[in-house]
Each structure stands twice: as C-alpha cells, then as structure tokens.
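For reference, the structure is listed below as structure tokens.
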Amino acid sequence: MWCCPDCNWRAPPLFRKTRTSIGFDGHMTTQPTASHFVNGAYHGNAGGSAIPVIYPATGEEIARVHSATDAVVDAALAAARAAQPAWAAMTGTERGRILRRAADIMRERNHELSVLETFDTGKPYQETSVADATSAADALEYFGGMAATLTGEHIQLGHDWVYTRREPLGVCVGIGAWNYPTQIACWKAAPALACGNTMVFKPSETTPLCALKVAEILTEAGLPAGVFNVVQGLGDVGAKLIADDRVAKVSLTGSVPTGRKVYAAAASGIKNVTMELGGKSPLIIFDDANVENAVSGAILGNFYSSGQVCSNGTRVFVQGGIKEAFLDRLSVRLEAAVIGDPQDPKTSFGPMVSERQMEIALGYIAKGQEEGARLVCGGKRLNRNGFYLQPTVFADVADTMTIAREEIFGPVMAVLDFDDEAEVVPRANATEFGLAAGVFTRDLTRAHRIAAAFEAGTCYINTYNDAPVEAPFGGSKLSGVGRENSKAAIEHYSQLKSVYVRMGDLEAPF
Ligand code: NDP
C-alpha cells in the first residue's frame, strides 16, 4: 500500500500496491503482516479462499487475507486450549497488568490504529481517532483493573461453611460484525481474558485487519502465546469454531438471523452465549425538548458511522409542536456535514462499508418512497468513487412502513409524528427488537417514566448512543442475550463453583 511520497514505509506482503492516498500528513507505520494470529505470532496460510479487503472510500482492493483452513482453525483452538490453564493460574493482578499495558500501547498508537480502522471500515478518521482504538483501550484498562478484584464469597452455615470460587469458562470464541472491528474485539477479549479465559476471535470478513493489530499489541504487552488468537473467514469458519468441543462460550456481535444460527449451534453443546444483535430503536422527541440537543441526538443516533451502528435510534418520533422546527434545523445541520475522503480529519461523514451494504440501504430508500414516506433530504448515491450515500431523512413515516419496521443499517432516518405520551410509548415498543431507546424532554418525571417503560436494554435521556465501558450494554427481545462492558460482563465470562466445607463429623442414614 502506498502511504505518502515522503514515507519510507514498505508494504508488508498482506497489502496490495494501490494508488490510494491517505490524504493527510499521517504515516502508515506498522500493519498486520499475515492473515491470522495464532499462538502468539502472525500465521500466514494461503490455503483457504482469498478474501479481498476493499477500501470503502475508493472501491480499491488494498489488502488480501485468506480464510482459515481446518488446520488453522484447529491450530488456533489448540493454542487457546493449551494456554488457558497457565493463564488462569496467574494472579488477577498479573493478568490485569498485561491488559492495562496493552491499553497504554493502543493509546500511544491511536493515530496509526485509527488510520487502519478507517481503511478497514471507511469510517472518517475524525470518528475513528476518538471512538475505536480509544474505546478498545478503555475496555482493556477497565477489565485489566478489575481482574485483581474478581473473587468468590464466603457463606457461613453455623460451624460449617461454603465458599465460592469465580472460575473462567475456558476457551471462548468471539465473532465480530464489521462496524467496529477494533472495539468489538476488545469488548469481548478484555472481560474474557480478565477472567482467565482464552479466546479465538473471528472478525467479519468485510473488516479483517484491525483485530490482527489487537492481537499483536496484546502480545507486545506480554500476553502469553495462545491466549488471544485471530482467524479469518466467513460464516462457515465461525460455525466450525462454535461446533468445536473445546469451546465453552460464544460471544457474537451480528444480525438477528446470524444470532439465531449461532445461538442454536451453541445450544446443542449447552455452551454459554452473549448475543449482541440488531435493532430498530425509537427516539422520542417531545415539544418541550431543546431543539438543538434533540437534533444532535438524532444526528448521533442516525448518521454517525454512516448510520452503521446497531443501537441507532432510527425511528424518530417527533411531537406535533416541535416537528417543523426539528426538521428545519436537521436539514440545515445535515448540509454542514463534510462528506469526502475519510482519512481527511475535516471529513465528518464517510462511505458505507461495502457496495452490498450501500445497495441494501438504497433498496430501503426506494421502498420508503414507494410506500409514501416524504423524502426530506438525501436519498441518493454520491457521484464519486466509493460507497457514498447521502444522509437521508424521511418524514410522515407510518409505523407500518418497511423503513419503520426493518433494520436498515445505513444513514436513513425515519421521522414519525405523535400527539401524546400515552400514544407514543406503546408505538415505540411495538417492535421485535429491544436494543436501545431514547427520549428528549425537559420534564424530569416523564423522562424517567418513559425510560422505565421502554422495552430496551440501553436507554438514553437527553442524549443518544453513549457507550462507556462502565455501563452495561446489550439488548432485550430479539436484540440479544447477555451484556457487554461493566461489571455485568464478568457474569458472562465466568462461572461460580460452590465448595461445601464440613467442620465436624458427618452423619448418614445407614
Ligand atoms: P452478520 O450477522 O452478517 O455477521 C456477524 C458475524 O457472524 C460475521 O463475522 C459473520 O461472518 C459471522 N457469521 C455469519 N454466519 C455465521 C454462522 N452461521 N456461524 C458463525 N458465524 C457466522 O452481521 P454484520 O457483520 O453484517 O453486522 C451487522 C449486524 O450486526 C447488524 O444487524 C447490527 O445491528 C449488528 N450489530 C450489533 C451490535 C450490538 O452490539 N448489538 C453492534 C454492531 C452490529 P462473515 O460476515 O465473515 O460471513
């Protein structure tokens, strides 16, 4: 890959020569050098089918990885299995120190990791430099700090007693979506490793690069070989990992259809699961809301990462009295979006991750028009290379329309009208999904009443899409099972063993 005319950086074998310019004064320094990362080192094996890595801003192939063969899958699982007992036998302080060291390295290298994230996903550097390696580092730091605090408890029973041991599950499999490849790898690896598990992670085939850098940095921080492994591939590789008897737990971030398959496969082995799946979340804006804040919330909840965020509030219910002011300000602020080269720090809105994803979103836009929604702005592909779609807003959307029911996973906002609280809350909950929900109002009691009534795992009052590591994140209904981040994640990566202790003689009936 070409970085810039002054750069001495040489393309490692994984990367293809391309004319792609990164467009600002950053330098590509270190990049992943092979398709997989197994047992503490890059693992090149071109035996599996080739997976081209396409830069979404140009449509060019910038790198090529290979799907894991059965031998690579087996090597990764064997390494994870072999490494697990010794990793679990280390003290929490020792494990945590390594995770925190990795967090420090990530922060030091935030620039180059962000450049890579932008190449992998197409998301603007303006976002990746503050939201991806940084949030991944937060997870490593948070769970690294927590590792030493993980304990069981003592339960006194007269003279006898029971104590519990918090033990790891064993080998965990992580399977990631393509929208946050660095963050997803660390949201899964950090709590898993803190608890003494090992992991084999399979990134989405659309964004295979960033998880390799996570593995490289963890290793540099002192992680023993085999504790965190990365293998590439499509769904078939994920399915092989889940089916393997050596695996105790699967954590998936992906769509509901994939979640059903993964959950079913895990169930046959009675394996633990965490499912972070899709959504069609409501965002309710009352007449008394601050208009600028509500517009900011709607922008953050629909157009960040070109709308490719699972928790997005894509059904925006706006009360009659504020509707015109809201739509006016929204249109004005969307015109201020800087759409362009995502590596340019001034760019605030980038391409979609792939041509396929863009076509899916365009299909939904056509459907919205066919079904009678009013196109307020956007709606078209941009006339330039890459997978750019205009930020799109539909108004006068009815609850029954396809764009109000199905997850689009693109920059398409549906604005729906409502009259009062009693009417809007059941409508907001009338979805099979339950990932997130938000409300903008100045009425304190109404805000909390509605947060309590929302059928969703993650709710927002006068904000949208915050996801700090300290707070549990996850969905209800079809949006998922389990929680990532926070102390709650520990429950999903560990198991309690009860040990009964008799202090006196033991009686028996015969
Ligand atoms: P997919 O469901 O298509 O894929 C998710 C991952 O699962 C990919 O790595 C995929 O591999 C893998 N996979 C596919 N089939 C199987 C299988 N049978 N067994 C094991 N693994 C399999 O999701 P996308 O990557 O398209 O991501 C978008 C979806 O993810 C959206 O629905 C979005 O809402 C959801 N999401 C949820 C989040 C949350 O936290 N709740 C966060 C981010 C996204 P491959 O793609 O390589 O074939």
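Note that ligands are numbered from 1 as they come in the structure, with each ligand's atoms numbered from 1 the same way.
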for atom 44 (C) of ligand 1, nearest protein heavy atom and its distance come out as N179 ND2, 3.5 Å
Counting from 1 in the order shown, the ligand 1 atoms closer than 4.0 Å to a non-hydrogen atom of A177 are 25 (O), 27 (O), 30 (O), 44 (C)
Quiz item: So is there a nitrogen or oxygen of E407 less than 3.5 Å from a nitrogen or oxygen in ligand 1?
Solution: yes
Short version for L277: what comes under 4.0 Å of ligand 1, heavy atoms counted, is backbone
Near G278 (heavy-atom distance under 4.0 Å), the atoms of ligand 1 are 32 (O), 34 (O)
The protein heavy atom nearest to atom 7 (O) of ligand 1 is I175 CG2, 3.3 Å
The salt bridge (charged side-chain N to carboxylate O under 4.0 Å, His left out) partners of K271 (sequence neighbours excluded) come to none
Note to self: Is the distance between the ring centroids of F409 and W178 under 6.0 Å?
What the structure shows: yes
Test item: side-chain donor near acceptor, N385 and T58, under 3.5 Å:
no
Among S255, A243, S354, closest by heavy atom to atom 29 (C) of ligand 1 is S255
For A239, the atoms of ligand 1 under 4.0 Å from one of its heavy atoms are 19 (N), 20 (C)
Query raised in the report: If you measure every N/O of K261 against every N/O of ligand 1, is any gap under 3.5 Å?
Result: no
Heavy atoms, side chains only, cut-off 4.5 Å: are F143 and L193 in contact?
-> no
Nearest heavy-atom approach of S479 to F433 is OG-CB, 3.5 Å
Looking only at protein heavy atoms, what sits closest to atom 8 (C) of ligand 1 is G176 O, 3.3 Å
L252 heavy atoms within 4.0 Å reach ligand 1 at atoms 6 (C), 7 (O)
message = Are any of the N/O atoms on G238, whether in the backbone or the side chain, positioned under 3.5 angstrom from an N/O atom of ligand 1?
response = no
Nearest non-hydrogen protein atom to atom 26 (O) of ligand 1, with distance, is W178 NE1, 2.8 Å
So for T253 against ligand 1, with non-hydrogen atoms under 4.0 Å, the contacting part is both
Between I461 and H448, is there a side-chain heavy-atom distance shorter than 4.5 Å?
yes
Closest to atom 42 (C) of ligand 1 among protein heavy atoms sits C310 SG, 2.8 Å
closest protein heavy atom to atom 35 (C) of ligand 1 is G254 O, 3.1 Å
For residues 32-50, the salt bridge (Lys or Arg N to Asp or Glu O under 4.0 Å) pairs (sequence neighbours left out) are none
Among non-hydrogen protein atoms, atom 45 (P) of ligand 1 lies closest to E205 OE1, 2.8 Å
Counting heavy atoms under 4.0 Å, the part of I242 that contacts ligand 1 is side chain
### Side chain proximity check, I339 to P391, heavy atoms < 4.5 angstrom
yes
Note: F454 and A428 closest approach over all heavy atoms is CE2-CB, 4.2 Å
Examine ligand 1 and decide if any of its atoms is less than 4.0 Å from a heavy atom belonging to Y180.
no
- Distance-only N or O hit between ligand 1 and K202, under 3.5 Å: yes
If I apply the N/O under 3.5 Å rule, does G233 come out as touching ligand 1? yes
Taking atom types as modelled, find out whether S135 and Q183 have a side-chain donor-acceptor pair closer than 3.5 angstrom. yes
Ranking P208, G457, G235 by closest non-hydrogen atom to atom 19 (N) of ligand 1, top hit is G235
Hey, are N229 and N39 close enough side-chain-wise for a donor-acceptor pair under 3.5 Å? no
Is it the case that the side chains of Y180 and S305 hold a donor-acceptor pair, with the cut-off being a distance below 3.5 Å and no angle test?
yes
Ligand 1 to F473, heavy atom cutoff 4.0 Å, flagged ligand atoms 40 (O)
Quick look: V262 vs ligand 1, heavy-atom contacts under 4.0 Å, and the answer is side chain
Result for side-chain contact (heavy atoms from CB on, under 4.5 Å) between F37 and one of Q232, K213, H43, E216 points to E216
### Message
I'd like to know if the side chain of D132 pairs up with that of T128 as donor and acceptor (distance under 3.5 Å, no hydrogens or angles considered).
### Response
no
Residue, atom and distance of the protein heavy atom nearest atom 28 (C) of ligand 1 read F409 CE2, 3.7 Å
Is there a donor-acceptor contact under 3.5 Å linking the side chains of K477 and T431?
no
Contact region, L435 to ligand 1, non-hydrogen atoms below 4.0 Å, reads side chain
